[in-house]
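A, B, ... follow the sequence lines: proteins, then strands. Residue 1 opens every chain.
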6 protein chains.
Amino acid sequence: MTRSDGREAFDLRRVKIVRNYLKYAEGSVLVEFGDTKVICAASVEERVPFFLKGTGEGWVTAEYSLMPRSTQVRNVREVAKGKPSGRTHEIQRLIGRALRSVTNLKALGERTVTVDCDVVQADGGTRTASITGAFVALVDAVNTFYAPETTFPVTDFLAAVSVGVVDGEVLLDLCYEEDSRALVDLNLVMTGEGHFVEVQGTGEKAPFSREQLKDMLAAGEKGVAELIDYQKDVLGQLAWRIGRA
Amino acid sequence: MTRSDGREAFDLRRVKIVRNYLKYAEGSVLVEFGDTKVICAASVEERVPFFLKGTGEGWVTAEYSLMPRSTQVRNVREVAKGKPSGRTHEIQRLIGRALRSVTNLKALGERTVTVDCDVVQADGGTRTASITGAFVALVDAVNTFYAPETTFPVTDFLAAVSVGVVDGEVLLDLCYEEDSRALVDLNLVMTGEGHFVEVQGTGEKAPFSREQLKDMLAAGEKGVAELIDYQKDVLGQLAWRIGRA
Amino acid sequence: MTRSDGREAFDLRRVKIVRNYLKYAEGSVLVEFGDTKVICAASVEERVPFFLKGTGEGWVTAEYSLMPRSTQVRNVREVAKGKPSGRTHEIQRLIGRALRSVTNLKALGERTVTVDCDVVQADGGTRTASITGAFVALVDAVNTFYAPETTFPVTDFLAAVSVGVVDGEVLLDLCYEEDSRALVDLNLVMTGEGHFVEVQGTGEKAPFSREQLKDMLAAGEKGVAELIDYQKDVLGQLAWRIGRA
Amino acid sequence: MTRSDGREAFDLRRVKIVRNYLKYAEGSVLVEFGDTKVICAASVEERVPFFLKGTGEGWVTAEYSLMPRSTQVRNVREVAKGKPSGRTHEIQRLIGRALRSVTNLKALGERTVTVDCDVVQADGGTRTASITGAFVALVDAVNTFYAPETTFPVTDFLAAVSVGVVDGEVLLDLCYEEDSRALVDLNLVMTGEGHFVEVQGTGEKAPFSREQLKDMLAAGEKGVAELIDYQKDVLGQLAWRIGRA
Amino acid sequence: MTRSDGREAFDLRRVKIVRNYLKYAEGSVLVEFGDTKVICAASVEERVPFFLKGTGEGWVTAEYSLMPRSTQVRNVREVAKGKPSGRTHEIQRLIGRALRSVTNLKALGERTVTVDCDVVQADGGTRTASITGAFVALVDAVNTFYAPETTFPVTDFLAAVSVGVVDGEVLLDLCYEEDSRALVDLNLVMTGEGHFVEVQGTGEKAPFSREQLKDMLAAGEKGVAELIDYQKDVLGQLAWRIGRA
Amino acid sequence: MTRSDGREAFDLRRVKIVRNYLKYAEGSVLVEFGDTKVICAASVEERVPFFLKGTGEGWVTAEYSLMPRSTQVRNVREVAKGKPSGRTHEIQRLIGRALRSVTNLKALGERTVTVDCDVVQADGGTRTASITGAFVALVDAVNTFYAPETTFPVTDFLAAVSVGVVDGEVLLDLCYEEDSRALVDLNLVMTGEGHFVEVQGTGEKAPFSREQLKDMLAAGEKGVAELIDYQKDVLGQLAWRIGRA
């Protein structure tokens, strides 16, 4: 099967990460997965949440938001509803957990890095694009206060991709149109070491078999590996600091 | 390794499901996984959400709440904070998706079944106990309006269990103390057919390998199969209606 | 007149108080007035509200909530509405005031006892059952930190009952069906000494005379005396500490 | 004992009710109980709450608010806190119930009368002043749509007063300073017939005896009777319509 | 053109400012612009917002609210909506800025003066009446803690007036009926020196020319000058302190 | 005086408007005033607010938001605070009024155009850039449903600019650093005809004279004229439709 945009089943969309997209943020990127575009801004603050005060450890957290007209039909701002939706909560908790899994919070010191992922255009895969871009913004932000000869607080690469079963076939990196037809939907977050940080598969419309899970994991592993290669290109020299003790 | 309560690594805790626990609800159970206790109440209403009006289809949704002193330290009521937490959102969305995956919404007709999962005591696994109990309450609720010779709206059994990696070993159905020491945490929701509805694995504290994922899936499959056997016992005759076209 | 459940006009429903109902709370009971069931959990915290800091005095407060399907028709969770209803506010303020009326806040020390009253099933009299059960939970909670030879912080027994005028007759301890037909509704909170802590009578549907008030007070006094006798049985030895200076 | 303002124990403060205080409201008064001043505005709307649609019956409801500097220390606006306090809820529910107890909702027709009680200055007794003033505003509002020869929707007079036990003595109509010293506090709402609509007595600081209750009721009955006499003066001719079938 | 109430185009309505309108507030007035009536209460608190702590400077802020039946049709309380409307926000920010423009925050010391403007009756010009009255309340409040021989914290007089273009003619101090017909609406806040503090002109229904702006400014300047003359009368001796270094 | 970025006092910053910036919105631009960058997305919906139903008229409204790291220091998302700030309210009301002033709501038909202005980077003048960009997005959006030979619903050009008094000198189009030093701040919204839609001048830190107002208006008029020339370039052919009856 060839896909609507000409891709093969296990192809990623065109990926682009523009570093230093914003003037004020310590780290910021514009990340694009095809027509999905997200601005990721990492802010460093010299404070930590209550439960970490005095421990010498830092924190990494994330927030996520769809711009009202990032979607086909305008979506009402969450502030107008008074609170974030359940979907927003889920995604920003996922991004935060994923970033923390490759952060040495001790090496971070008593700082908080908040990564804001604001979706400018949503064509499927906004959470996976956000994680992939947020990682690069995090590296840039951490680098602003990194002192040579110390442990670099980012311990490994991190990227994410979606996989789905559409018309009985496993497809990598679904666009919105494919996503809305998918019976099964799996999001994978993985490290440069090839380990899993998050595996979130859901078969609300059709439960899936052990075999299908295996195929989806294989497709996702291929996609994440390519994304991490691209992150290395984009980060250039800075890539060498990651995982450096 | 023997566990704090004497269980083997792949043992479930003592499970108990009491049907008809409440006087007014169309379906209700008290479900216990060891010291974790949840009241699941299924309510049938002759209305559907806006997006289903006139389609002839119904809806299944869930709400989840911790009672203030279900936990070791009293937790503030969410109403006092004005909104549910991100964790609550995530769990109630998960329960709702899981129940819908085994419901024939067409056969339900234009009705909404809301399953309230109120946690009386929380000793780990509240979301998996909720799903396992909510399924039984749903069956009882659906049965109140089921007309013989028609398609029974529940299409398969459904249960959930947690698995984790603690001290390097894969353990099934974690209690709170184990859960807080686990580096990896996987929640599995599966059907009577042995298919996956949700696979949610997270390795925030330590990414996990493909091999570990395989072991955890195996443990989870065993646990779910036992839970579904127990549901069949508890439902008795009614079990025969499930999946009956 | 014999009542729907066979009781005489001045009879209480079957009352049951199960102590230590929860694993974590300092004090907890399941209280039943007929089919009305409430879980009362008393939590002790080593802090006081702002206005008591440094005074050496403690505080007792209460929260009240109906579980969504405690009622005949499912009621929307208050968190979904963003705030407690007026009725909830009134009841939890009433429970808190009542408990404080028999607490020596000086003897309590700078601690807060919060009693959560979560209604599992509502068949009339949820506020009076809550007060009657919360008192026992409070005694158990206070006992966890009581040091021999000091003043026990609970100064007297406390129970509550409802009285109403139904079809022209004064009835004690109304169930839901009677309550909805009552023209006059009186809630009485009284102490072991036989004194009034709260008298709340309302004749929205029909103002009541001085004579009717007298009869209702007499019925209520009888009911409260019986409830306090039962509390003494349930508390056993611990009952002797109450009011002990 | 003579009181701080020279009154005897069973004396009311100087009471004043100014009708037609506002230009737009269907009924409006400024009511003063000594230094306590409340603007009561009754608005008539040609709609009813959901549960009354199509029944031919109307509704009467009330809202209550303290102006920020009605009190000795500025109190934060409730809108700034996002929701009314428990105290506000209790008081506005009380006022609404009290007004409905003397309204023939059938004769009202499918209309809602909302009486807003905004406290300009608070020197004790704001809820009793509000009820006493709101009643007059209600009569004026109802009169704007009253058709001769039909049943006048207000069935009886209504007024309210507070009573308390201060330094062991029963006092009528407490000002703020007395109220803050009172051990027992009773609010009475009564009709022109001398019947009770609400009896709300609370002895949080000191439970009270049957004897004290009797004395407080006697003082309150005297106070309400005087207030109703004054309402009759103020309403003039219109007083004759009340209770007219 | 003569106006509905007989005024000439550049005439103010009858203005009245009653000082010491409330018993507890440090400064308070009832201000009337024709049928528009606003209670302005200035409260002094010995604290400052976070950003001023330790600077030795004080703060002046304002809040604004319409009483529910100040308007022709009852408006829903903002607390019932959970938050102030955009219009309320705009007006209270405007009043605060205006008052601060004539306050020497250094001379105020670390104090906050909050001026509450509660509109009792709204017949056009509520924001301009609020500013004009709030100024007088501010002067009275500041005077309660003013020490002789120090700099008086109020540096100049301040008043505000509205101007509009109605039926092609520039009119001063619009009442509600004129305001609703105006194509252009200008609010002016000016000082005793004749300087502008705020110029807010809006031509949503019809953009206006440079010439019209000039005419409106002239009318507004005349109106403000008259209001300030009246403020001087009302303040009497106290007027001499204003601007005194 | 030469300015920090080398501009003369009456120079605009470099202005750039990119049309069709988003894939889904009916009209969308990225507008830049120097380092200030705003995404303006115009959405057309076939519905109108309640008060316009059945009138045949349409509506234009706007929403405004700062992205969290558009500013030097990260600002907390408004959804996290539960409601938009007063500043946000003011700005979005201003944008909406300004756009409506050049829209023929009758010619729009029963449609709502919502223009979302999301600030990506904030270096002063975000509200004036928003209005200037939102106008272009509005024209594009309106053009998607414009039928030849009918009245084009946009009646005139519209742009906005800020002017301030900094160090005693009138400066056009302030950047953030200048804005924070300005004693007087004026925002002007004007039409292609050279008429005023909004004049908002505030001298919180220093009231301003009639002479200064005249100078600021002159600078603003020059700036708006240049912005409208640029809008004409950017709109090309489409510019000819504006104001076409």
Could you walk me through whether H89(D) and E90(C) pass side-chain contact (heavy atoms from CB on, under 4.5 Å), step by step?
-> CA-CA 8 Å; H89(D) 268 304; E90(C) 258 182 56; 6.0 Å; no

Turns out that what part of L213(D) lies under 4.5 Å from chain C's heavy atoms comes down to side chain

How far does OG1 of T202(C) sit from CZ of R97(D), to the nearest 0.5 angstrom?
-> 4.5 Å

CG (L186(D)) and CZ (F196(C)) are apart, to the nearest 0.5 Å, by 11.5 Å

Contact winner vs chain D - A206(C), P84(C), S209(C), heavy-atom pairs under 4.5 Å | S209(C)

Heavy-atom pairs under 4.5 Å with chain D, option from L217(C), V199(C), V189(C), D156(C) with the top count = V199(C)

Do you know which of R210(D), K205(D), E221(D) has the most heavy-atom pairs under 4.5 Å to chain C?
-> R210(D)

With chain C, the option among R93(D), R100(D), Q200(D), E198(D) that has the most non-hydrogen atom pairs under 4.5 Å is R93(D)

Is it true that, when you exclude [X] itself, more than 12 heavy atoms of the residues, nucleotides or ligands shown sit nearer than 6.0 Å to its [atom1]?
| X | atom1 | answer |
| --- | --- | --- |
| Y176(C) | OH | no |
| E193(C) | CD | no |
| K214(C) | NZ | no |

What are the two closest non-hydrogen atoms of G203(C) and S101(D), and how far apart are they?
-> O-CB, 4.0 Å

